[in-house]
Amino acid sequence: QVQLVESGGGSVQAGGSLRLSCVASGDTYSDKFMGWFRQAPGKERERVAAVWTGSGLTYYSDSVKGRFTVSQANDKKTMYLQMNSLKPEDTAIYYCAATSGLYRGAWDAKQAYNYWGQGTQVTVSS
């Protein structure tokens with residue numbers, strides 16, 4: 001079992017930056033994907049970025065590549081999402097998620113993530 005708590009959302013103007021944090025508790029020892037997803041009003045939840053906790057290898061969707069950076073703390077209990085050059089289309093609720101320690105498939109398979117945080121709102125105004 002993994003419990004996830006996000007923080008760091010807020011409102012910012014286009015071109016600005018925000019940093020989201022996700023603190024994990026429970027099984028933080030198994031290698032797993034920890035990822036960020038987002039959901040805008042009226043749209044499906046979509047992948048944003050992820051980190052493989054075993055190696056620190058990172059993955060990004062095309063829409064955020066070059067603007068967002070996902071990272072993890074040395075103790076692997078906290079994951080960050082640094083968001084730069086924000087655009088109005090980045091407005092969404094951002095969710096932290098984690099797979100089980102047994103999963104070895106694609107990073108962006110939403111159905112593979114067993115554990116989800118409560119979400120944090122990010123609003124980017126033009």
Side-chain angles (χ1 to χ4, degrees):
Q1 291 286 330
V2 178
Q3 294 78 42
L4 303 168
V5 179
E6 306 100 331
S7 62
S11 297
V12 66
Q13 289 192 328
S17 299
L18 283 173
R19 190 193 199 202
L20 306 184
S21 298
C22 172
V23 178
S25 59
D27 176 16
T28 59
Y29 303 101
S30 301
D31 293 345
K32 62 177 66 67
F33 286 112
M34 288 189 67
W36 292 98
F37 290 77
R38 67 186 181 186
Q39 188 166 17
K43 295 189 177 181
E44 290 191 1
R45 194 169 298 188
E46 64 173 1
R47 67 190 190 276
V48 175
V51 58
W52 176 250
T53 62
S55 63
L57 195 62
T58 57
Y59 305 84
Y60 298 93
S61 68
D62 288 343
S63 61
V64 306
K65 198 173 295 182
R67 299 188 298 122
F68 292 10
T69 302
V70 62
S71 61
Q72 61 177 351
N74 289 338
D75 64 4
K76 302 181 182 180
K77 293 181 179 180
T78 304
M79 177 177 63
Y80 305 99
L81 185 68
Q82 177 66 43
M83 305 185 293
N84 298 328
S85 303
L86 282 161
K87 305 175 181 180
E89 51 263 43
D90 295 318
T91 296
I93 299 174
Y94 283 69
Y95 297 90
C96 171
T99 64
S100 75
L102 300 175
Y103 180 72
R104 295 293 183 271
W107 75 270
D108 56 352
K110 186 170 52 179
Q111 65 273 17
Y113 287 79
N114 302 97
Y115 310 103
W116 293 83
Q118 81 285 356
T120 185
Q121 177 71 48
V122 170
T123 302
V124 184
S125 58
S126 58

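These values consider heavy atoms only, across backbone and side chains, with no hydrogens, waters or symmetry-generated copies.
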[X] vs [Y] side-chain heavy atoms within contact, under 4.5 Å:
X: M79; Y: V70; answer: yes
X: R47; Y: W107; answer: yes
X: E6; Y: Q118; answer: yes
X: M34; Y: C96; answer: yes
X: L86; Y: L18; answer: yes
X: R38; Y: R45; answer: no
X: K32; Y: V51; answer: no
X: Y103; Y: Y113; answer: no

Examine [X] and [Y] and state if one hydrophobic cluster contains both, with Ile, Leu, Val, Met, Phe, Trp and Tyr joined whenever side-chain heavy atoms are less than 4.5 Å apart.
X: F37; Y: Y94; value: no
X: F33; Y: L4; value: no
X: M83; Y: V23; value: no

Nearest atoms (heavy-atom pairs only) where [X] meets [Y]:
X: A14; Y: P88; answer: CB-CD, 4.1 Å
X: A49; Y: Y60; answer: CB-CD2, 3.7 Å
X: S85; Y: S17; answer: N-OG, 4.4 Å
X: T53; Y: Q72; answer: O-NE2, 3.2 Å
X: Y80; Y: W36; answer: O-NE1, 3.6 Å
X: A24; Y: V2; answer: CB-CG1, 4.2 Å

_Looking at D75, I want to see if its CG is surrounded by more than 12 non-hydrogen atoms of other residues, nucleotides or ligands under 6.0 Å._
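Counting other residues, nucleotides and ligands, CG of D75 exceeds 12 neighbours.
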*Got a sec: does the CD of Q13 have more than 12 other heavy atoms crowding it under 6.0 Å?*
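No, CD of Q13 has 12 or fewer neighbouring heavy atoms, counting only those of other groups under 6.0 Å.
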*Parallel, tilted or perpendicular for Y95 and W116, by the 30°/60° rule?*
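Y95 vs W116 ring planes: perpendicular.
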*Check the pair D108 / Y59 against side chain to side chain contact (heavy atoms under 4.5 Å, CB included), numbers first and verdict last.*
CA-CA 9 Å; D108 56 352; Y59 305 84; over 6 Å; no
What is the distance from atom [atom1] of [X] to atom [atom2] of [Y], rounded to the nearest 0.5 Å?
X: D27; Y: S100; atom1: CG; atom2: OG; answer: 9.0 Å
X: L81; Y: T120; atom1: CG; atom2: OG1; answer: 11.0 Å
X: N114; Y: L102; atom1: CG; atom2: CG; answer: 9.0 Å

_Any side-chain to backbone donor/acceptor pair from D62 onto K65? Under 3.5 Å, distance only._
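No.
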*Look only at the side chain of K77 and the backbone of T28, and say whether a donor-acceptor pair between them is shorter than 3.5 Å.*
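Here the side-chain-to-backbone pair does not exist.
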*Does the pair D90/K87 count as a salt bridge with the N-to-O cut at 4.0 Å?*
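Here D90 does not pair with K87 in a salt bridge, since their nearest N and O are not under 4.0 Å apart.
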*Does the pair V122 and T91 meet the rule for a side chain to side chain contact (heavy atoms under 4.5 Å, CB included), with working shown?*
CA-CA 5 Å; V122 170; T91 296; 5.9 Å; no
*Show your working on side chain to side chain contact (heavy atoms under 4.5 Å, CB included) between W52 and R104 and close with a plain yes or no.*
CA-CA 10 Å; W52 176 250; R104 295 293 183 271; 3.3 Å; yes
